[in-house]
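A note on names: the letters A, B, ... follow the listed sequences, proteins ahead of strands, and every chain is numbered from 1.
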Amino acid sequence: MTISIQNIRGFSDVLPDESPAWQFVEQTFRHELERYGFDEIRLPIVEKTALFSRSIGEVTDIVEKEMYTFTDRNGDSLTLRPEGTAGCVRAALQRGLLHNAQPRLWYAGPMFRHERPQKGRYRQFHQVGAEAFGVPGPDVDAELILLSGRILRALGLRDVTLEINNLGTSETRARYRDDLIKHFQAHAEHLDDDARRRLHSNPLRILDSKNPAMAEVIASAPDLLDYMDAEAQAHFTAVRAMLEATGQAYRVNSRLVRGLDYYGSTVFEWVSEHLGAQGTVLAGGRYDALVEMMGGRATPAIGFAAGIERLVSLVEAAGSVPDKTTTQAYLIMTEPTLAQNALAIAESLRTQMPTLRVQVNMGGGSMKSQLRRADRSGAAFALILGPSEAAAGEINIKDLRGETEQYTVAIDRLPAVLSSFDSR
RNA sequence: GUGGGCGUAGCUCAGCUGGUAGAGCUCCGGAUUGUGGCUCCGGUGGUCGUGGGUUCAAGUCCCAUCGCUCACCCCA
């Protein structure tokens, strides 16, 4: 079949088969975040372009080539949000949430980046984000990491590992960056094309290269950790001590660099081996300079974002998605003329039993096909209404899963009977 | 943006050196006049991604194009 209009590349549908896993991931985040004192904030999907270009960094890949930017009817440049932190900071500042308060906020929803799609990477993707404002750490840093670990465990994910790093202050990072460029320039003959291109735009990224030919130049490069000042050292040590005290395993990865300009100090990343090339499942870090940069009073902050699609794929592979609640009762009728009675019975049942799931067969069909639908709906039992039952104010109950013999009851006794089935 | 792999039924796929489109699953009906699952029988469903070319003849060969997918880059 040739369908004339299809979805946009990289914008996927979440089909009914997949939605239980999505709900599981979303509900787990909501539940654990609330338990740690985070409150939900709902933010616009479109913001002024300048919000992102200024906060994320003009020369990052996101801003340079990945944003969905358009001009609206007023001539303003608007952008579909590529990430959540900028909008959250904007809202917190604009609405006065940061005034004499240390809010902890979480949000969830779609983000948009115009990249080439591949496994675990889509143009519309979904994140859950959490941001904690006003606390300089290291206690929040550690708690946020512990929270993210708890969420991943609650999702039943075992094979995810925690990597942490400290990017130091913007001054020490600039000094490190300069030395790194010098180092790579001195060994320019060993660099591949990508590395040469990134030498000035993003030299820290060269450290991540997977090219074995460059392993030696990279290994001999200066280490960021050697550049940290005493304060950053102390902060990093304290975070590590807190993780150790709570039994949270981690690996220090001095090559761990976040892609957005506003990150500094503590950064962390949860990584899975089962996702192909896009293994990062949840990542975050401290961004103490961002609030002030956006016009607010200097306010320390830290946050993380998790990729729902990646987590859904892991959770499905791990088989940890709880079974979907299926239809408990499926009502069928032997004559189409009984549809009125069937609807009335179902409505009355739903009113009397608020938690009951009951589906009425629609569109007729033979007894055989109706029962087949009842079976495939996953219902625990079928309610069968024929002319004789209807006339007598009764209905027939057929147990589709257990051993109970089929029998007929008065309709007003149905709630009691179904409850007894339910507690079985 | 660059490269590899792949586009045949709703799904998973077969279709040799060109000779009028197939299987399994699903769905619908029947075997069983008001009784599902298992079995058996039958049926619905395709402009073979799209456009052009070669040929008496193209799912098959050639060209272009679109899409999907994985990887690079980058990131959740």
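- Between E405(A) atom CD and U35(B) atom C1' the separation is 12 Å, expressed in whole Å.
- Residue A283(A) is in sugar-phosphate contact alone, with no base atom involved, counting any heavy-atom pair closer than 4.0 Å across all strands shown.
- Of the candidate nucleotides G36(B), C72(B), G34(B), C72(B) has the atom lying nearest to any side-chain atom of A277(A).
- Counting non-hydrogen atoms under 4.0 angstrom, R372(A) reaches the backbone sugars and phosphates but no base.
- No hydrogens or angles were tested; on distance alone, a donor-acceptor pair under 3.5 Å links the side chain of E389(A) to the base of G34(B).
- Atom P of nucleotide U69(B) and atom CD of E309(A) are separated by 13 Å, given to the nearest angstrom.
- Counting only residues at least two apart or in different chains, salt bridge (Lys or Arg N to Asp or Glu O under 4.0 Å) contacts with residues 158-167 of chain A comprise E163(A)-R251(A).
- Contact annotation: side chain of K398(A) to base of U35(B), donor-acceptor pair present below 3.5 Å.
- Distance N396(A) CG to G34(B) C1': 9 Å, rounded to the nearest Å.
- Considering only the side chain of R373(A), C28(B) comes nearest among A71(B), G36(B), C28(B).
- Side-chain N/O atoms of Y122(A) and R113(A) include no donor and acceptor closer than 3.5 Å.
- Seen from the ring of F236(A), R240(A) counts as a face-on cation partner, given the 6.0 Å and 45° thresholds.
- Looking at heavy-atom distances under 4.0 Å, Q406(A) makes contact with a base.
- Looking at the side chain of D375(A), the nearest of the listed nucleotides G34(B), G36(B), C75(B) is G36(B).
- More than 12 heavy atoms of other residues, nucleotides or ligands sit less than 6.0 Å from atom CZ of R175(A).
- When heavy atoms are screened at a 4.0 angstrom cut-off, I384(A) is found touching base atoms of the nucleic acid.
- Using a 4.0 Å heavy-atom cutoff across all strands shown, V281(A) reaches sugar-phosphate atoms only and no base atom.
- The side chain of S369(A) places an N or O atom within less than 4.0 Å of a non-bridging phosphate oxygen (OP1 or OP2) of G29(B).
- Near-neighbour residues of RNA chain B inside residues 109-121 of chain A, defined by a heavy atom below 4.0 Å, number-ordered: R113(A), E115(A), R116(A), Q118(A), K119(A), G120(A), R121(A).
- For R255(A), the CZ atom is densely surrounded, since the number of other residues' heavy atoms within 6.0 Å is greater than 12.
- Q124(A) and H126(A) are linked by a side-chain donor-acceptor pair at a separation below 3.5 angstrom, with hydrogens and angles left out of the test.
- When base pairs are accepted only as Watson-Crick or G-U wobble with both N-N or N-O distances under 3.5 Å, RNA chain B takes part in stems of 3 or more pairs at B:1-7 with B:66-72, B:10-13 with B:22-25, B:27-31 with B:39-43, B:49-53 with B:61-65.
- Using a 4.0 Å heavy-atom cutoff across all strands shown, Y122(A) reaches at least one base atom of the nucleic acid.
- Put simply, CG on D17(A) is 20 Å from P on C25(B), counting in whole angstrom units.
- Nearer the 5' end of RNA chain B, as judged by each residue's closest nucleotide, is the contact made by L385(A), out of L385(A) and G276(A).
- Salt bridge D141(A)/R286(A): present, at least one basic N to carboxylate O contact under 4.0 Å.
- For R90(A) and E47(A), the salt-bridge test passes: some basic side-chain N is under 4.0 Å from an acidic carboxylate O.
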| Can E131(A) and Y107(A) be said to form a side-chain hydrogen bond (donor to acceptor under 3.5 Å, both in side chains), step by step? | CA-CA 9 Å; E131(A) 318 284 353; Y107(A) 51 84; 2.7 Å; yes
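- Rounded to an integer number of Å, the gap from CD of E66(A) to C1' of C72(B) is 14 Å.
- In this structure, a donor-acceptor pair under 3.5 Å is present between the side chains of E269(A) and T280(A).
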